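Reading through the structure tokens given below for one structure.
The model shown is predicted, which means the values in this text are computed figures rather than measured ones.
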Amino acid sequence: MLFIRLSWVVGQAGIGLSIVVILLATVVTTLTTLSMSAICTNGEVRGGGTYYMISRSLGPEFGGAIGLIFSLANAVAVAMYVVGFGESLRDLLAINDLQIIDSQINDIRIIGIITVIFLLGIAIIGTEWESKAQIILLFILLIAMLDFLIGCLIPPSVYQQAKGYIGWSGELAKENFVPEFRGETFFSVFAVFFPAATGILAGANISGDLADPQRAIPKGTFLGIVISSAIYLLFAVICGCVSKRDSNGIVALAENGTLSLITNCSLAEGGKCEYGSMNFFQVMELISAFGPLIYAGIFAATLSSALASLVSAPKVFQALCKDNIFPKIEYFAKGYGKSGEPRRGYILAFAIALACVIIGDLNAIAPIISNFFLAAYCLINFSCFHASFVRSPGFRPAFKYYNKWVSLIGAILCVAVMFIINWWTALITYAIILALYIYIQHRKPDVNWGSSTQAQTYKSALSSVVKLNQVEEHVKNYRPQILLLTGNPNSRPPLVDFAYSITKKLSLLLCGNIHKDRLSQRARNVLNKQATRWLQERKIKAFYSLVEEESFSHGVRSLVQLVGLGKLRPNVLLMGYKHNWQVCNEEEVLEYFNVIHGVFDMHLSLGILRLQEGLDYSEYIDTEEIGAVDASGKGTVSSVPPGFDRDPSYADFPRNVSSAQLSQVMKPTASWLTLFAAFSGGGGSSPESTPPATPAATRSMLQTSISKNPEGQIASTPPPSSTQVMKGLSKDIPKDILSSVNQFQRKQKKGTIDVWWLYDDGGLTMLIPYLLTTRAQWSGCKLRVFSLANKKDELDREQRNMAALLSKFRIDYSDVTVIPDIVKPPQESSKREFDALLAKWKSSHDDDENNPLIISESEVLALKDKTRRHIRLRELLLHYSRDASLIVMTLPMPRKGTCSAPMYMAWLEILTRDMPPFLLLRGNQTSVLTFYS
């Protein structure tokens, strides 16, 4: 660029604007270097240069996009420099009346192809040879520049004067100081010149080959900018002061002393001037003391830059391939030799450069390179700004001479220059970057580099939570924020899916796990990672929380009190129905009952979901035990992940192994993922973790040798003090079980959601079914609302009132039914069915009246009316809702001191047995529906 196009830049823009062009490029590169120095001194810089810095600062999305574009830009830059070399060699041949084909573009193409092949050979040999070649080329370049400086001091010959070099002249300097654009603009000239300033990333691109990149990159880059800018400014001024813009090349005019006529192009052959800084690209050679040295300098400059680009492009691309950001390109990640030379990348860069050489026009290639490099500079500046702006504690660069606002100005300046140079190429460049960004974001590469975008996520979330905490609550903004008692979430996919169908894109979902054994911190970390991974792979946006408590009810209380932050706290507790309450330990029934009371005492809403096929599928998962800690603090003996030794303090955890490594060791097998996607990702299935749901009687044949825990979970019997992490598929999965596991992920068949709104609980019993109907899975189901009549003779009126109420609440429904005969005595068969549920728990001894697990005769008599009401409700449910897709009913409220745990469980059992999916729901009397806009 120095020897071929600088004189043309001066001719077009004049001395004044040429200085502005050079200084503008210097400002852009200096600001970028300040940002780059801050980034590359903020930790070890490995191979990959620009890509490495941007990807580790802004994340894989920006890094991958700019890495691909920057690799392409460097490959195209090889063609630009080679075409420049070809132009010079063609002109040299033409001066000596030699040509290959036509002394035009075809000669440039042939020279370019041969040159690219030669450069490829040097690159393939290795970086050491490339470095030696660069030193030789630098020495030749310095001699050529010295030759030009000496030549400008020597008075021109007549031959030189005829071609426009007339020597130092104040009048000429004044004439050439102003611009004279011919088919160009300031920014089009800048676009042609700017690739001369792209060398600032050369050091960064070979960062992997530098002994101390943190020190070498800033120092070398700043020194290079200062020296090169000074040389460009000096040479531009010299060209403007000694060379005319146009010259007809007629020697006789110079011999006669009529120099004023040499600018008369009408005297030239064809009426067009072939010489002068506007027309003749070899002005530097004309001015020099010994012309061939300038050609040597041109060859050295172009070949040096081309060789640097040919080495940089594959190294950046190799780093990109090693990170596996894009699929199907790992072939180019392979390195050869002790330094890992990217020979396959060299071949790819060679092919791209060869294709661009065919263009053969330097002015056509240069603007494309300018856009790509400016995009890279923009992101380098933005990386520094963003890392400083989010105040990440990890951003502590050793280079202190930077400022975040200066970096932002640099980024804005790069964008502005891109659009001013050529707005449509700038749009195309950013469209490509945006497309690559979206693709990488969608692909979600498995990398974690601690980028500033992650820090921004934290900062934004923290700021939003603080702002949310200052917002007053209003009924219109009510959202059901659910604490879901899942145990390990992968054990109960239907329960998790159902809860997520309520909260998806709407509100908060927290999965709670209560573990009865003391866990080491490593065990907790593994369980957390396993559960989180399973939720992510099932595409459920939820949080997981693990607490250690000796009893189920205390664990629930701890979860309710501790989980959440500010306004992001659960206001609804959802759990599974306890199927095995008749056969489990009696204390477990009391624990379950106490949880229900405790939830209402803490002013939360409560939901209980029952599926006839059950919610717990943990028996279908193979588990691998990890170390729990017993009461004495000693680790239990259990299996160790393969490839690790036992830690003496934690019997089954290896020393110095991170929980991330343990997660990798314990992740499920590929065959398991393929066969049973419902359990993808892993997570523990603790034998004594929440929740209360268990398989129903239809799965009783699978319950042989199965233990039952206090919360009603059924799982294979493990050692008493162990935590289990899901490992893989334990047995062949029947199709009906697979269907049950995913029943709330697929679209429900057309049907109804029957809402039995029995009591005023604030409207939650009505809101949750409405939210379900807005989901794609439930869109085919219509709401049917059932309520109880206060007076039989006002049935029509109450039905109209209910319909009007729903309309005011803006809830779509298909039918409203008011039940008139709730007080009608139930059938004897229904009574016998209920009495059979109480048989085990009844006692005729008066001493047992204070026992919460015994149903006394006095209790039966006191609750006779309520019991008959629930039995009658069952008959009505069988009559109206047996074929519904989902039943939602207001949960009966157990009154303390009057209703025992077995009596209450019998009520729930008689209501929900042999029914479709059944959700018992009770609000906390806080209004969640409103008439007003």
Q: Just grab all the salt bridge (Lys or Arg N to Asp or Glu O under 4.0 Å) pairs involving residues 822-837, residues at least two apart or on different chains.
A: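 Found Glu828-Lys831, Glu833-Arg874, Glu833-Arg913.
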Q: Can you run down the salt bridge (Lys or Arg N to Asp or Glu O under 4.0 Å) pairs that involve residues 480-490, sequence neighbours left out, and say none if there aren't any?
A: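 Output for this query is empty, none listed.
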Enclosure of [X] [atom1] (heavy-atom neighbours >12, cutoff 6.0 Å):
| X | atom1 | answer |
| --- | --- | --- |
| Tyr759 | OH | yes |
| Lys808 | NZ | no |
| Phe809 | CZ | yes |

Under the side-chain hydrogen bond (donor to acceptor under 3.5 Å, both in side chains) test, residues paired with [X] that sit two or more places apart:
| X | value |
| --- | --- |
| Ser927 | none |
| Ser545 | none |
| Gln743 | Glu613 |
| Asp754 | Thr752, Arg784, Ser881 |

Taking [X] for the side chain and [Y] for the main chain, is one N or O donor matched with an acceptor at less than 3.5 Å?
| X | Y | result |
| --- | --- | --- |
| Gln582 | Leu837 | yes |
| Ser787 | Trp757 | no |
| Gln481 | Thr503 | no |

**Q.** Salt bridge Asp497-Arg538, side-chain N to carboxylate O under 4.0 Å
**A.** yes
Q) With sequence neighbours left out, which residue pairs that include part of residues 459-504 fulfil the ring-ring contact (aromatic ring centres under 6.0 Å, His included) condition? A)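 Non-adjacent pairs meeting ring-ring contact (aromatic ring centres under 6.0 Å, His included): Phe498-Phe744.
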Q | Gln530 and Arg533 side chains, donor-acceptor separation under 3.5 Å | A | yes
Q: Output, in order, the C-alpha distance, side-chain angles, deciding distance and verdict of side-chain contact (heavy atoms from CB on, under 4.5 Å) for Cys584 and Lys578.
A: CA-CA 10 Å; Cys584 68; Lys578 190 170 182 61; 3.6 Å; yes
Mind jotting down which residue pairs meet the side chain to side chain donor-acceptor pair (under 3.5 Å) criterion with at least one end in [range]? Sequence neighbours excluded, please.
| range | answer |
| --- | --- |
| residues 762-775 | Asp761-Thr765 |
| residues 463-473 | none |
| residues 885-906 | Asp601-Lys896, Glu859-Ser900 |

Q.
Checking Glu549 now: which residues fulfil salt bridge (charged side-chain N to carboxylate O under 4.0 Å, His left out) with it, not counting sequence neighbours?
A. none
Q: List in chain and number order the residues that pass side chain to side chain contact (heavy atoms under 4.5 Å, CB included) with Leu468, two or more places apart in sequence or in another chain; answer none if no residue qualifies.
A: Lys567, Leu568
